[in-house]
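Both ligands and their constituent atoms are indexed starting at 1 by order of listing.
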Amino acid sequence: MKPFTVRLDLHGDLDFFVQSGARGQSIERSLGEKTSVKDVIEACGVPHPEVDLILVDGQPVDFDYAIAIDAKIELYPVTTSSPDFKDKRLQLTNTGRFVADGHLGKLARDLRLLGFDVAYDPHVEDRQLLVVMERQNRALLTRDRHLLMHRVVRTGYFPRSQNADEQTVEVIRRFDLFSSIAPFTRCLRCNARLREVSKAEVVERLEPLTKLYYKQFRRCSGCSQIYWPGSHFSKLQNRLERICANFAG
Ligand SMILES: [Zn+2]
């Protein structure tokens, strides 16, 4: 087969995934055999769940599209809106169910604080993460780019920042979740839902001062942890306000 050349243009923040020296420029690759566009993209370092629209010579294609001749490939991330090809977008938005890899404990906790359903186990192996993702239909959150490139991953995100608050803001943007935020409805320890309970139901488990000062309580339907405004909630309120401030205006 005659060798051919592909030229890739990365839009939005997708050049985050290429070496800093190569940012802002087209990437050229010479190929000797028919190759799927997914493999071409990932050979440049960009995980496929980050790519929401692929144009080959101006026409939208999906990840299986095979390239066998010279081509110009344009890649768009989810967060770059484009009026064209709305029905050719490749990624899901607006999912509030996640599985986070073992290094993203703070992000998992922040998202639970906002009410989102996040499976998280600090000791889980990669293979198991993918099983949970597939069986429970969750989006994968990981900073392991090779894991995100795995062919079974349909929906996922690589947090750009290493700071948990910033990562949380990124995830809310990427999955368009701002209007779905429901603070203090989910257990930070085990991810189960919290239920309102009367003071009488939990009074035996409260410290004397808590018993005296607080009236409203919630109990986790999974691990039975009790939450009340003076404990976890007030400390977390500041954190919540910091995160939400990014979406003001
Ligand atoms: Zn719990």
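- For the Zn ion (ligand 1), the tally of protein N/O/S atoms lying closer than 2.8 Å stands at 4.
- Note on D52 versus R89: salt bridge recorded, some NZ/NE/NH1/NH2 to OD/OE distance being below 4.0 Å.
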Taking only distance into account, with no hydrogens and no angle test, what donor-acceptor pairs under 3.5 Å do side-chain atoms of residues 119-132 form with protein atoms, sequence neighbours excluded?
{"residue": "Y120", "atom": "OH", "partner": "G102", "partner atom": "O", "Å": "3.0"}
{"residue": "D121", "atom": "OD1", "partner": "H123", "partner atom": "N", "Å": "2.8"}

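- Aromatic ring centroids of F175 and F116 lie 6.0 Å or more apart.
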Please evaluate residues Y157 and F98 with respect to the criterion ring-ring contact (aromatic ring centres under 6.0 Å, His included), reporting the C-alpha separation (whole Å), side-chain torsions for both, the decisive distance (0.1 Å), and the verdict.
CA-CA 10 Å; Y157 181 72; F98 302 98; 9.4 Å; no
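- Here E28 does not pair with R7 in a salt bridge; the nearest charged N to carboxylate O distance is not below 4.0 Å.
- Salt-bridge check for D13 with R160: passed, with a basic side-chain N closer than 4.0 Å to an acidic carboxylate O.
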